[in-house]
Amino acid sequence: MRVAAISIFPEMFRAITDYGVSGRAVSEGHLVLDCINPRTFTHDRHRTVDDRPYGGGPGMVMKAEPLEAAIDEAVERVGGEAKVICLSPQGRVLDQAMVESLAEEPGLVLLSGRYEGIDERVLESWVDEEISIGDYVLSGGELAAMVLVDAVVRQIPGVLGHSQSAVEDSFADGLLDCPHYTRPEAHRGSRVPEVLLGGDHERIRRWRLKQSLQRTLIRRPELLQERELTAEEQRLLAEIENERPD
Ligand SMILES: Cc1cccc(C(=O)NCC2(NC(=O)c3cccc4nocc34)CCCC2)c1
């Protein structure tokens, strides 16, 4: 997958190109990430990318011209058929279904704002979709762009080893994760659940699924509303309901 990230802080993207799963995806060629700085497309002495807002008010607004030139370059780098996404608090909040859909795109251009935001004419004419990673105030869109790339790159075949993708398959479909444990068996007097110490893999699978269902029911019940439950999951939920203290 080819991605072009537009940002006045391109070095930030080293966080995903140089580490972990996304870093390996880059080194193995599953992901090509170009970072494009709108400042490259300024022509004044101060390389201005922002200016004061019409209508007054605090802060600055990112100028349309440098951003549009950067988007043009980005679309070319990505190879023409690119979906142009602006990471923005006004966007649709990212979820796993959107991640899986974005992973099907041949190329993505990700625009990250700074200051108070970007000139609206860029959104109107050049941006296909605005996406948010959540309802809180950030200093810029770069971390959001990196969250999106990290989530999307895990969907690319060959990026995750079999074991990791098995984890993805079992729980990425809308449940919270089960508890995880590793050595030692007893840590500060707290022991690992006996079921995990035996070798009964079917019993372990069922225990983990029940734990995920229980956590989802307690912490994020709304996730269960949206999700088809298998017969087994319905049985386990009934067990959980019966075991719940009144
Ligand atoms: C709830 C709320 C209301 C009004 C402004 C802001 C806010 O944070 N404004 C600042 C900016 N925020 C983001 O870009 C941003 C923020 C949050 C999630 C995101 N997902 O993608 C990009 C995101 C926008 C221009 C520069 C950074 C937040």
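All ligand and atom numbering here is 1-based and tracks the order in the structure. Each residue takes its place number in the sequence, starting with 1. These values consider heavy atoms only, across backbone and side chains, with no hydrogens, waters or symmetry-generated copies.
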Quick check for students: name every N or O atom pair between ligand 1 and the protein closer than 3.5 Å, with distances.
residue: ligand 1; atom: 8 (O); partner: Leu138; partner atom: N; Å: 2.9
residue: ligand 1; atom: 8 (O); partner: Leu138; partner atom: O; Å: 3.4
residue: ligand 1; atom: 20 (N); partner: Ile133; partner atom: N; Å: 3.0
residue: ligand 1; atom: 21 (O); partner: Ser88; partner atom: N; Å: 3.2

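Val152 and Val93 end up in different hydrophobic clusters when Ile, Leu, Val, Met, Phe, Trp and Tyr side chains are linked at under 4.5 Å. Under the 4.5 Å side-chain heavy-atom criterion for Ile, Leu, Val, Met, Phe, Trp and Tyr, Ile204 and Leu176 are members of distinct hydrophobic clusters.
Considering CD of Gln214 and CZ of Arg244, their distance stands at 8.0 Å, rounded to 0.5 Å.
Between the side chains of Glu142 and Ser7, at least one donor-acceptor pair of N or O atoms lies under 3.5 Å. Remark: the Ser88 side chain and the Gln90 side chain contain an N/O donor-acceptor pair separated by less than 3.5 Å.
Taking the charged nitrogens against the carboxylate oxygens, Arg206 and Glu232 have no contact shorter than 4.0 Å, which rules out a salt bridge.
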